[in-house]
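Before any comments, here is the structure.
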Number of protein chains: 2
Amino acid sequence: MAVTVKNVALHAGVSTATVSRVLNDDPGIRPATRSRVIESIKITGYRMNKAARSLKTSRTGTVGLLVPELVNDFFMTVAEGVEDILRTEGYGVILCNANEDVRYEADRISLLIEQCVDGVIIIPTSSEGSHFSSLSDAGIPVVMVDRMVNGFKADAVLADNINGAYSAMQNLISTGCRRFGFIGGSQELSNFRERFEGFKRALSDYGIPVEKDIIKFGNVHIDSGYNLMKELMSEANPPENVFIANYFLQVGATKFLIENSSAKTASIHIAGFDDMSLSSILGFSSITVSQPMMEMGRKAAEMLLERIEEQSALASAPPPPRLVRLKTTLIKH
Amino acid sequence: MAVTVKNVALHAGVSTATVSRVLNDDPGIRPATRSRVIESIKITGYRMNKAARSLKTSRTGTVGLLVPELVNDFFMTVAEGVEDILRTEGYGVILCNANEDVRYEADRISLLIEQCVDGVIIIPTSSEGSHFSSLSDAGIPVVMVDRMVNGFKADAVLADNINGAYSAMQNLISTGCRRFGFIGGSQELSNFRERFEGFKRALSDYGIPVEKDIIKFGNVHIDSGYNLMKELMSEANPPENVFIANYFLQVGATKFLIENSSAKTASIHIAGFDDMSLSSILGFSSITVSQPMMEMGRKAAEMLLERIEEQSALASAPPPPRLVRLKTTLIKH
DNA sequence: CCTCTGCTTGTAATCGATTACAGAAGTATA
DNA sequence: TATACTTCTGTAATCGATTACAAGCAGAGG
């Protein structure tokens, strides 16, 4: 049925070894022979069976990308960055959805190991990372993006959350704001911890007190943003400026403000995180900390490729985990 | 390095054939032998090398999912539906990004064929589908979602776009609206053609004239929505009701209205397509046609699995392409 | 004319799991 | 106990590509 190297070899009047060498750009092939083989490949319509190659080389040319959810512009922009780099290297990306659930996450990792992926890029669902160790046990390199986890050491690409939040606050403070509410995601997750850290540090540096009543934590979803803004607005003395540590929380918070507009809500200003295609029309927003999402994905893919190279190069002691922080930028609306 | 069936066989004191039979749930194995093998599998920590199995069985347990772009809630919701079904059957999903470019699309198809996927689900980027035939040439089943293409026959899962658009119009007309603008995507794409068809049919059925000046076509992106709404508002006599055939166009159009608010824009009402997490806070919107996105993905996955079964069952004439239309629902804001 | 070196190419083993076929072991019956 | 069936298990070929090793071949130098 399918055309194999054998067919090509027959057609070109050479051996399968020669065909294989042409396919792998082996330099020790006479140009005349090479072009004859290439011609035969075209004519026969040969397509390599990667399963066979994988069996022999124990490299599959696929990497896994495990994200907490698919319907999420942040994760998917990272994914585009990953794909962008890996495509050019001829890798396929197996995208797995952890469904915001550590058990699903562990399950998908099993799948990826069985599929013999050459490496895995993970945006962790939770702070728990011990189930990732089966990957390193199987000798599969891992790069984490956006969040760190406990109980597992690996390369990571993170945004500079602390300074991102800090500079946004600094900017607002310089325009005269003196009282700030905060809406953030779970402090279990490293990225949200860091953003809160940047927030607090700015207040502290400018001598502004932290008011516990107007600091709210939830999860990372629209509903949570809605509810936390509602809570905030129900406080005895709600703030006029609110730092919201995540795009989806901001969407939810905005939704509440739109649905419950009043004199009190009219004067609200929001500083947010992540510049998405809809950020500019959300309203209430004065400033946004933009993470280099695509770049984070690209960088992660590059680091993973390096690791894969290292690994096949030689089996000496692997270098220690590398940590990359990418700078955020401030966007004013 | 890695544990193979050979190791397991040695450990259990049986042949590799027996181990393989246990792995594949072959019923003709004495229970005592089976449990001994299972025990050995656990003790040795055996994990199957799927590349080897694929080589022999020419089934990889992976399917390809090819979408025009990743950062798109519609496509990704479909993808979640696909993943949801395939996960439970033990399949891995190789997600490919066609980057809105037919050449990329063709390139990714090559990759998928080389990766020996068992089937492919495609949301086509354009109306051109002749490059999909290499899939059927390779004996790989294909299911298309959301859009039909020219020059290639395959199973398809589509939304009932005509009736969706029609019923939204009907609803608006019943509230007294009598003049409608239209903003839509390229009429090359079947889904947009159908939505326009539903729009026209409603006008015709209720005796409302089609006014060419207030009917605008562009691509499917935010920018396009922005520009088309701008054009519409610059017309001598702009309409108060606008049917916008796509979520992203609606976002762009809304953006224009927000940035250019005036007495004229204040009275605009928009009927849109696709109920996304942000639809409810866009403003201007009166009604939305909601496609069952997740369900479309699930259905496509189920159809693909059926085709894969059929194929391995026997090589008789394959049944003709199946077309499934899923109903839309109306959502009022 | 012969040998040696260096460049190309071919032969054949190999990766790990599956499976047709054959053979062994077990069961039932006479 | 012998015979005829089942039922279970092992042997060995196989999938398609890679690659160590060997062999062929040309030209240089003696």
Side-chain angles (χ1 to χ4, degrees), chain A residues 1-41 44-62 90 113-118 138-139 312, chain B residues 1-41 44-62 90 113-118 138-139 312:
Chain A
M1 333 216 152
V3 184
T4 70
V5 278
K6 210 165 175 178
N7 300 314
V8 177
L10 272 177
H11 186 272
V14 296
S15 74
T16 60
T18 301
V19 175
S20 175
R21 289 189 185 108
V22 171
L23 288 169
N24 291 288
D25 289 321
D26 188 318
I29 294 281
R30 200 186 307 171
T33 312
R34 179 185 302 279
S35 54
R36 195 147 41 93
V37 171
I38 290 177
E39 187 64 12
S40 297
I41 288 176
T44 56
Y46 169 77
R47 270 213 180 82
M48 174 155 54
N49 181 326
K50 293 235 173 146
R53 164 186 273 188
S54 301
L55 180 56
K56 196 70 177 93
T57 63
S58 51
R59 303 268 237 82
T60 54
T62 55
I113 294 176
E114 286 192 346
Q115 295 284 0
C116 303
V117 292
D118 296 339
S312 54
Chain B
M1 338 216 159
V3 184
T4 72
V5 278
K6 210 165 175 179
N7 300 314
V8 176
L10 272 177
H11 186 272
V14 297
S15 73
T16 60
T18 301
V19 176
S20 175
R21 290 191 184 106
V22 170
L23 288 171
N24 291 288
D25 289 321
D26 187 318
I29 294 282
R30 200 184 308 170
T33 312
R34 179 185 302 278
S35 54
R36 195 146 42 93
V37 171
I38 291 178
E39 187 64 13
S40 296
I41 288 176
T44 56
Y46 170 78
R47 266 214 182 83
M48 175 155 57
N49 181 326
K50 293 232 173 146
R53 162 186 275 189
S54 301
L55 179 58
K56 195 71 176 102
T57 63
S58 50
R59 302 272 236 82
T60 54
T62 55
I113 294 175
E114 289 189 345
Q115 296 285 359
C116 303
V117 292
D118 296 339
S312 55

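In the text below, chain A, chain B and the rest are named by the order of the sequence lines, each starting its count at 1. Keep in mind that what you see is a predicted model, and the values were worked out from it rather than measured.
- A:Ala9 approaches A:Thr16 most closely through the heavy-atom pair CB-N, 3.7 Å.
- Summarising the geometry, the separation between CZ on B:Arg34 and P on D:dT7 is reported as 15 Å, rounded to the nearest angstrom.
- Each of B:Thr18 and B:Leu55 lies near DNA chain C, and the nucleotide nearest B:Leu55 is the one positioned closer to the 5' end.
- For the pair B:Glu114 and A:Lys50, the salt-bridge criterion is met [side-chain N within less than 4.0 Å of a carboxylate O].
- Distance check: B:Thr18 OG1 to B:Arg36 CZ gives 9.0 Å after rounding to the nearest 0.5 Å.
- Set against C:dT18, D:dA17, D:dA20, the side chain of A:Arg21 has D:dA20 as its closest nucleotide.
- The side chain of B:Ser54 places no N or O atom within less than 4.0 Å of a non-bridging phosphate oxygen (OP1 or OP2) of C:dA17.
- Taking atom NZ on A:Lys6 and atom P on D:dT18, their separation rounds to 15 Å, with Å as the unit.
- Dashed line: the shortest gap from a side-chain N or O of A:Asn24 to OP1 or OP2 of D:dA17 is not under 4.0 Å.
- Across its full length, the helix from C:dC1-D:dG30 to C:dA30-D:dT1 shows an angle of 60° between the axes of its 5 terminal pairs at either end, rounded to 10 degrees.
- Separation of atoms CD (A:Gln115) and OG (B:Ser54) is listed at 7.5 Å; rounding is to 0.5 Å.
- With sequence neighbours excluded, the residues satisfying side chain to side chain donor-acceptor pair (under 3.5 Å) with A:Ser40 are A:His11.
- The distance between atom CZ of A:Arg59 and atom C1' of C:dC15, rounded to the nearest whole Å, is 15 Å.
- Residue A:Tyr46 places at least one side-chain N or O under 4.0 Å from the OP1 or OP2 atom of D:dA17.
- A:Ser20 has a side-chain polar atom (N or O) that falls below the 4.0 Å cut-off from OP1 or OP2 of D:dT18.
- Using a 4.5 Å heavy-atom cutoff, the side chains of A:Ile29 and A:Val22 are in contact.
- To the nearest angstrom, P of D:dT18 lies 10 Å from NZ of A:Lys56.
- For the pair A:Leu10 CG and D:dG16 P, the computed distance is 14 Å after rounding to whole Å.
- Closest non-hydrogen pair, A:Thr60 versus A:Asp118, comes out as N-OD1, 2.9 Å.
- When rounded to the nearest whole Å, the span between CG of A:Asn7 and C1' of D:dG16 equals 11 Å.
- Contact annotation for A:Ser58: no contact, since no heavy-atom pair falls under 4.0 Å across all strands.
- If you check C:dT18, D:dC8, D:dT18 against the side chain of A:Thr57, the one that comes closest is D:dT18.
- The side chain of A:Asn49 lies closest to D:dA17, out of D:dC8, D:dA17, C:dA17.
- Contact between A:Ala138 and A:Ile113 at its shortest, heavy atoms only, is CB-CG2, 4.1 Å.
- Distance from the side chain of B:Arg30 is smallest to C:dG26 among C:dG26, D:dT19, C:dT18.
- The distance between atom CD1 of A:Ile41 and atom P of D:dA17, rounded to the nearest whole Å, is 10 Å.
- Ranking D:dT11, C:dG16, C:dG10 by closeness to the B:Ala17 side chain, first place goes to D:dT11.
- Regarding B:Arg47, its CZ atom lies at a distance of 17 Å from the C1' atom of C:dA17, rounded to whole Å.
- Note on B:Val14: only backbone sugar-phosphate atoms sit closer than 4.0 angstrom, heavy atoms only; bases stay farther off.
- Of the two residues near DNA chain D, B:Arg36 and A:Lys50, the one whose nearest nucleotide lies more 5' is B:Arg36.
- The side chain of A:Ser15 sits closest to C:dT11 out of D:dT18, C:dT11, C:dA17.
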